[in-house]
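As structure tokens, the structure follows; a few thoughts come after it.
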Amino acid sequence: MPELPEVEVTRLSFADRIAGARIEAVRLGKPLRWPLGCDPGTLAGRTVRGVRRRGKYLLLDLDRGLLLLHLGMSGSLRFDGWMPEAAVHDHFDLVTSRGVLRLNDPRRFGAVVYCEAEDSPQAVKLLGGLGVEPLTGDFDLDAFHAGLRRRKAPVKQVLLSGDLVVGVGNIYASEALFLAGIRPTLAAHRISRPRAARLRDAIRDVLARAVAKGGSTLRDFSNAHGESGYFQLEAMVYDRAGEPCRVCGSPIRAIRQGARATYFCPVCQKS
DNA sequence: AAAAGCCCCTGGATGC
DNA sequence: TGCATCCAGGGGCTTT
């Protein structure tokens with residue numbers, strides 16, 4: 001479900017409220033993708049310093065150690081002073097002095113992992129191979145173009161892999177490639193420098209606009225306040241197979257790349 | 001090193 | 001109405 005915009009919108013919706021909170025208890029539901037990695041009881045008494053994001057991971061900094069949170073395909077967080085009894089898909093509660101942070105995740109591809117430090121083996125295994133953050137000054141054109149040039153896979157797959165640039169998932173990969181006028185099947189190494197520049201700008205643009213719209217709510221995404229996003233209404237191609245291109249009117253085409261749907265306009269994205 | 005497949009899991013939509 | 005099949009916003013791991 002959640003790509004960079006949804007994760008960032010989630011972060012923004014509770015980071016200020018949870019900063020400074022004292023952890024009182026941890027409640028676990030059904031197992032998530034990985035075990036917590038520590039005795040839940042040992043977290044009581046620690047303080048949440050703040051919340052950062054790296055790619056699609058959220059990092060809850062504690063006064064000692066940190067919690068890595070991932071929302072997988074179907075996860076969402078809530079943070080509230082009052083929380084109802086845990087329901088079927090509520091699998092993690094962080095009970096704090098300022099409220100309960102709850103992870104709801106029907107498919108359980110998400111995870112909450114405790115690490116002693118950001119350079120601990122567990123943290124490095126999960127975060128170490130990640131590409132650059134697209135919304136910072138680190139998203140350098142030279143490095144991006146050089147990265148594309150050494151990959152022969154279709155550019156859509158390279159964007160999804162997350163080892164060049166992070167946070168671009170299945171919705172925003174299709175959207176960014178449309179904005180850049182690039183066919184998703186084009187081998188990454190065949191992208192010229194000017195087109196790489198266009199693609200970089202398109203990625204930044206679509207992600208930033210999606211954050212501003214509260215992310216995309218396709219079926220059930222909501223931020224930690226329970227509010228939906230609206231960017232799906234502005235999608236140019238995603239989930240619009242057969243519908244007219246918003247620029248040229250041609251029917252949007254859907255194909256399959258690596259078992260995942262890709263959408264593009266055959267006219268606006270000639271190559 | 002890079003690419004392709006597999007797999008984790010549940011629920012909703014579709015088709016017979 | 002019931003049941004089978006396919007699909008879904010991710011990504012780590014194993015195999016080529």
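Protein chains get the first letters and strands the later ones, always in sequence-line order, with residue 1 at the start of each. Basis for what follows: all heavy atoms, side chains included, without hydrogens, waters or symmetry-related copies.
One interatomic measurement links the two molecules: CE of A:M73 to C1' of C:dC7, which rounds to 9 Å at whole-angstrom precision. In this structure, the CG atom of A:L127 is 17 Å from the P atom of C:dG10, given to the nearest Å. When the C1' atom of C:dG11 is taken as reference, atom CG of A:L4 falls 16 Å away, rounded to whole Å. Atom CG in A:L159 sits about 12 Å away from atom P in C:dG10, given to the nearest Å. Summarising the geometry, the separation between CG on A:L160 and C1' on C:dG11 is reported as 10 Å, rounded to the nearest angstrom. Nucleotide C:dA8 holds its P atom 11 Å from the CG atom of A:L218, rounded to whole Å. Atom CG of A:D105 and atom P of C:dG11 are 13 Å apart (whole Å). Rounded to an integer number of Å, the gap from A:Y172 OH to C:dG10 P is 10 Å.
In this structure, A:Q232 contributes its side chain and A:T217 its backbone to a donor-acceptor pair below 3.5 Å. A distance-only check finds no donor-acceptor pair linking the side chain of A:S120 to the backbone of A:C115 [under 3.5 Å]. Judged by distance alone, with hydrogens and angles left aside, the side-chain atoms of A:E175 form no donor-acceptor pair with the main-chain N or O of A:V206 at under 3.5 Å. A distance-only check finds a donor-acceptor pair linking the side chain of A:E133 to the backbone of A:G55 [under 3.5 Å]. The backbone N or O of A:N170 lies less than 3.5 Å from a partner atom in the side chain of A:E3, making a donor-acceptor pair. Here the side chain of A:D105 pairs a donor or acceptor atom with the backbone of A:G110 at under 3.5 angstrom. A:D163 contributes no side-chain N or O that, together with a main-chain N or O of A:G129, makes up a donor-acceptor pair within less than 3.5 Å. Under a 3.5 Å cut-off, the side chain of A:E8 and the backbone N or O of A:P5 do not form any donor-acceptor pair.
Defined by atom type and a distance below 3.5 Å, a donor-acceptor pair is present between the side-chain atoms of A:E6 and A:Y172.
Within a heavy-atom distance below 4.0 Å of DNA chain B, the residues of residues 147-158 of chain A found are A:R150, A:R151, A:K152, A:A153. Listed by residue number, there are no residues of residues 226-247 of chain A with a heavy-atom contact under 4.0 Å to DNA chain B. Residues of residues 175-190 of chain A having a heavy atom closer than 4.0 Å to DNA chain B: none are found.
Listed here is the closest heavy atom pair of A:V155 and A:L177: CG1-CD2, 3.8 Å. Minimum interatomic distance between A:H70 and A:G72 (heavy atoms only, all atoms of both residues): ND1-N, 2.8 Å.
The ring pair (Phe, Tyr, Trp, His ring centres under 6.0 Å) check on A:F178 picks up nothing, with sequence neighbours excluded. Applying the ring pair (Phe, Tyr, Trp, His ring centres under 6.0 Å) criterion to A:F144, with sequence neighbours excluded, gives A:F139. With sequence neighbours excluded, the residues satisfying side-chain hydrogen bond (donor to acceptor under 3.5 Å, both in side chains) with A:D142 are A:R193. For the ring pair (Phe, Tyr, Trp, His ring centres under 6.0 Å) test, no residue two or more places apart in sequence or in another chain qualifies with A:F79.
Boundaries of the chain A contact region on DNA chain B are B:dA2 to B:dG11, first to last in 5' to 3' order (nucleotide atom under 4.0 Å from a heavy atom).
Of the P atoms belonging to C:dC7 and B:dG5, the separation is 15 Å, rounded to the nearest Å.
Counting only residues at least two apart or in different chains, ring pair (Phe, Tyr, Trp, His ring centres under 6.0 Å) contacts with residues 2-25 of chain A are absent.
In terms of phosphate contacts, A:R107 brings no side-chain nitrogen or oxygen within less than 4.0 Å of OP1 or OP2 of C:dC7.
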In a table with atom names and distances, give each donor-acceptor pair under 3.5 Å that connects a side chain of residues 22-40 of chain A to protein atoms at least two apart or in another chain.
from, atom 1, to, atom 2, distance (Å)
A:R27, NE, A:D93, OD2, 3.2
A:R27, NH2, A:D93, OD2, 2.9
A:D39, OD1, A:G41, N, 2.9

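When each of A:R209, A:R240, A:R246 is paired with A:E234, the salt bridge (charged side-chain N to carboxylate O under 4.0 Å, His left out) condition holds for A:R209 and for no other.
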Nucleotide N/O of nucleotides 12-16 of chain C paired with protein N/O under 3.5 Å:
from, atom 1, to, atom 2, distance (Å)
C:dG12, OP1, A:Y57, OH, 3.0
C:dG12, O4', A:R33, NH2, 2.9

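Stacking between A:F109 and the base of C:dG10 is present: ring centres sit under 5.5 Å apart and the planes differ by under 30 degrees.
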Strand DNA chain C as a dot-bracket string - pairs counted if Watson-Crick or G-U with both distances under 3.5 Å, | where the partner lies in another strand | .|||||||.|||||||
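Looking only at side-chain heavy atoms (C-beta outward), A:M236 and A:C268 stay at 4.5 Å or farther from each other.
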